Structure formats: C-alpha cells, structure tokens
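Right, one structure below, let's go through it.
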Amino acid sequence: MKPFTYVRATSVAEASRMVVAGSAPLAGGTDLLGLMKGGIASPARLVDLGGIDGLNGWSRERGAGLRIGALTPLVDLETSDQLARHLPIVREALRDTATLQLRNAGTVGGNLLQRNRCWYFRDAAIQCWLKGGTQCFAKEGENEHHAIIGTARGCNRVAPSDLAPALIAHDARVTLTSTRGTRSVLLADLFTDPALHSREEHTLRRGEILTEVQVPESGLQRRGTYLKAMERKTWSFALVSVAVAARIRGGKLRDPRIVLGGVAPVPWRVEAAEAEIDGHPFSDDLARRAADLLLADAAPLAKNGYKVPLAKELVRRALARIAAA
Ligand SMILES: Cc1cc2nc3c(=O)[nH]c(=O)nc-3n(C[C@H](O)[C@H](O)[C@H](O)COP(=O)(O)OP(=O)(O)OC[C@H]3O[C@@H](n4cnc5c(N)ncnc54)[C@H](O)[C@@H]3O)c2cc1C
C-alpha cells in the first residue's frame with residue numbers, strides 16, 4: 001500500500017475543503033481500504049467523515065418524505081422495524097448485502113459510491129479500459145459476471161450496489177455538498193451514463209460529499225420489493241437483482257418502476273417497460289412483455305447469456321409479489 005496521511009473532518013464544509021485532488025473521503029472503509037491494499041486506489045490523504053455530526057440516522061416527516069444520513073451504517077437500516085414499515089424494500093435489499101460485519105461497518109453513502117467488482121478492474125497488474133487502458137478484457141475473457149446491456153463501447157462492469165436499485169425504484173434523490181454549494185440529484189443520475197464513455201463510475205464532482213438520501217412522499221406511497229439472485233446464499237454480489245415498486249390501486253399497477261442490478265454499468269431502467277404495465281392488473285403475460293422491453297437491447301457476452309432469462313424471471317416474480325401483497 002502506498003503511504004498516505006489521515007485527517008478527520010468535523011463538518012461537511014471542512015471535509016469538502018480537505019477533499020482536494022489526491023484525497024479521498026473515508027466512510028466505513030470496507031471498499032476503499034481494499035482498493036488501496038490492492039493497489040487500485042492510492043489517495044495521498046484520507047479524509048475521515050466519521051467525526052461529522054448529523055450524517056448518521058434516518059427520519060420521516062409526514063408530507064416531506066424520508067431522509068437517510070449518508071454515514072448511517074447499513075445494519076441500522078436493515079434492523080429498524082420502523083423503517084421497514086415505511087420502506088420495506090431497504091431491509092429486503094440489505095438482508096443479502098455482503099455480511100453482517102460489512103453491514104456494521106459499511107455506510108449508505110459508501111454503498112452507493114463503491115467501485116465495481118470486475119476482476120480485471122480489481123487486478124492492479126491489468127490496465128483495463130476503466131483504468132485508462134485501451135480495452136475491456138472482460139469482452140473476450142472471463143465474463144460470466146459482467147454486463148449484458150448498456151455497455152456501448154468501453155467497459156462491461158456492472159453496478160454492484162444492492163441499495164441503489166431499491167432506492168431508485170422509490171425515486172430517491174441524493175444531496176451532494178461541496179465548497180461550491182449544495183445540489184440535489186436523482187440517485188439514478190449519480191451513476192455515469194454509459195453512453196458518455198466516461199471512465200468515471202459516478203458523477204460526484206471533486207470535493208463533493210454525499211450527505212443524505214431523500215425518498216419523496218410519492219416514492220413512499222409505492223409498494224416495493226427486491227429480489228437478488230446470487231451464486232451462493234450469502235456474501236455474494238448480485239448476479240442479477242431487481243427492484244420493483246408501484247402504487248396498487250383497484251388491483252392495478254400504477255406509476256411503476258423496474259430497476260435491474262447486476263446487468264449493466266448502472267442500475268438499469270427502461271421507461272417503455274414501465275409504461276407497458278402502468279394502469280394494468282398484474283398477469284404473467286404483462287410481466288413478460290415488460291421484461292422483454294427492459295432487456296430488448298441485451299447483448300450478452302460469451303459466458304453471461306444466462307442473465308437474460310434470469311432477469312426476466314426475477315422481474316415476473318417481483319411484480320407478482322407486489323401485486324399479491
Ligand atoms: C466481501 C464483500 C462483499 C460485498 N458484498 C456486497 C453485496 O452483496 N452488495 C452490496 O451492495 N455491496 C457489497 N459489498 C460492498 C459493501 O457494501 C461496501 O464496501 C460498503 O457498503 C461501502 O461502504 P463504506 O462506508 O465502507 O464505504 P468506503 O469504503 O468508506 O467508501 C467507498 C467509496 O465511497 C466514497 N465515499 C464514501 N462515503 C462518501 C460520502 N459520504 N461522500 C462522498 N464519498 C464517499 C469513498 O471515497 C470511496 O470511494 C461487499 C463488500 C465486500 C468487501
């Protein structure tokens with residue numbers, strides 16, 4: 001590991017001032033420290049956010065939605081019965097996230113901003129496209145865990161966070177603060193559009209600190225669920241996951257969201273798929289039509305074609321579950 005210095009910020013403003021080029025914010029460290037040990041990240045300075053008040057915990061204000069502080073440990077959300085009453089999808093998504101130890105240390109902001117798990121990216125000896133090289137080695141290599149859609153050219157990584165699709169299905173936004181001010185963006189827009197061929201995974205600007213996640217009142221009115229297919233039953237990233245959410249009125253799905261994880265460089269949504277089911281009662285056929293639209297542009301690599309039927313079946317099951325609840 002390259003030598004680095006460590007500072008502890010006591011306010012968001014101070015943290016933002018400290019996160020200059022060559023520095024990185026540190027939350028639970030469960031991803032960042034691994035990247036540093038592996039030689040993939042080498043910040044000269046770590047800016048620990050753990051000493052900042054007010055970024056830990058969640059609150060619900062009637063009419064104003066739900067707010068979750070970025071430094072909240074994942075386990076606190078997973079184990080809160082009260083939160084599960086407002087937004088049950090969060091518990092469902094976190095139950096199979098990593099391990100209990102990692103959920104104790106890992107935070108909401110860190111989970112959303114973690115780097116991808118592509119084994120070529122995580123190998124310091126390999127200069128893949130995302131690290132400034134000229135090619136994606138997954139394209140012709142070991143690609144069973146890689147993207148099947150939305151890759152354009154460039155990178156075949158998949159967005160790894162379980163929390164992201166779940167929160168996007170409820171229209172979550174994130175607040176980003178720096179010395180230049182504060183902005184609120186849709187959580188979906190925190191992930192760099194693959195069509196831009198950017199070598200950044202997130203749209204966070206230098207010095208910005210993710211301070212909180214907000215779920216609007218309208219998002220809380222949707223019934224949601226999260227399903228995750230894994231290679232083994234625990235401690236495993238999603239091969240494919242799906243978050244669905246909709247208001248159910250008179251047995252019909254209204255204003256639905258379908259978000260896939262594990263299939264694309266970003267949490268994957270296709271509005272036409274959601275429009276297909278909007279206003280209709282659930283049926284297997286309806287779900288199949290939506291799933292077909294969602295994956296219409298899928299172009300699997302040699303070893304990950306299994307993700308297409310897997311994703312379609314998860315979409316069907318998830319929609320059936322919210323319709324029946
Ligand atoms: C073995 C293993 C299995 C895992 N399995 C899963 C899984 O199944 N599903 C899943 O979703 N995740 C999984 N993870 C990832 C894990 O959830 C993340 O490592 C964790 O959530 C990151 O949170 P953290 O607080 O430790 O982030 P850190 O490691 O501290 O930070 C991660 C990144 O975010 C930046 N950052 C953190 N907080 C902020 C902030 N508030 N503002 C600006 N930048 C910030 C850091 O600079 C860094 O770049 C796994 C990890 C491991 C090691």
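First listed ligand is number 1; within each ligand, the first listed atom is number 1. A quick note: this is a predicted structure, and the numbers were derived from the prediction, not measured.
- Residue contacts with ligand 1, taken as heavy atom pairs separated by less than 4.0 Å, involve L102 solely via side-chain atoms from C-beta onward.
- The list of side-chain hydrogen bond (donor to acceptor under 3.5 Å, both in side chains) pairs with a residue in residues 65-77, not counting sequence neighbours, reads R67-E212.
- In terms of polar-atom proximity, G29 is counted as a contact of ligand 1, with an N or O under 3.5 Å from an N or O of the ligand.
- Residue contacts with ligand 1, taken as heavy atom pairs separated by less than 4.0 Å, involve S236 solely via the backbone atoms N, CA, C and O.
- Only the side chain of K228 comes within contact range of ligand 1, with a heavy atom under 4.0 Å; no backbone atom does.
- Across the listed options L94, L113, D162, L176, L113 owns the non-hydrogen atom lying nearest to atom 35 (C) of ligand 1.
- Taking each of A159, S161, G110, A15 in turn, the one with a heavy atom nearest to atom 32 (C) of ligand 1 proves to be G110.
- Neither the backbone nor the side chain of Q101 comes within contact range of ligand 1; no heavy atom lies under 4.0 Å.
- The closest heavy-atom contact to atom 18 (C) of ligand 1, among the options L112, T30, T72, comes from T30.
- If you look at L163 next to ligand 1, there are no close heavy atoms at all, none under 4.0 Å.
- Near N111, the atoms of ligand 1 lying under 4.0 angstrom from a non-hydrogen atom of the residue are 10 (C), 11 (O), 12 (N), 17 (O), 21 (O), 22 (C), 23 (O).
- Side-chain atoms of E208 never come within 3.5 Å of backbone atoms of L204 as a donor-acceptor pair (strictly under, hydrogens ignored).
- Contact annotation for A238 and ligand 1: no heavy atom of the residue comes within less than 4.0 Å of the ligand.
- Within the structure, side-chain hydrogen bond (donor to acceptor under 3.5 Å, both in side chains) pairs that include any residue of residues 241-252 comprise Y226-S241 (at least two apart or interchain).
- The pair D292-R288 fails the salt-bridge criterion, with no side-chain N (NZ, NE, NH1 or NH2) lying under 4.0 Å from an Asp/Glu carboxylate O.
- Counting heavy atoms from C-beta on, the side chains of I149 and L294 never come closer than 4.5 Å.
- Under a 4.0 angstrom heavy-atom cut-off, R115 registers as lying outside contact with ligand 1.
- Looking at D255 and R222, a side-chain N of the basic residue comes within less than 4.0 Å of a carboxylate O on the acidic one, giving a salt bridge.
- H146 and W119 have their aromatic ring centers within a separation under 6.0 angstrom.
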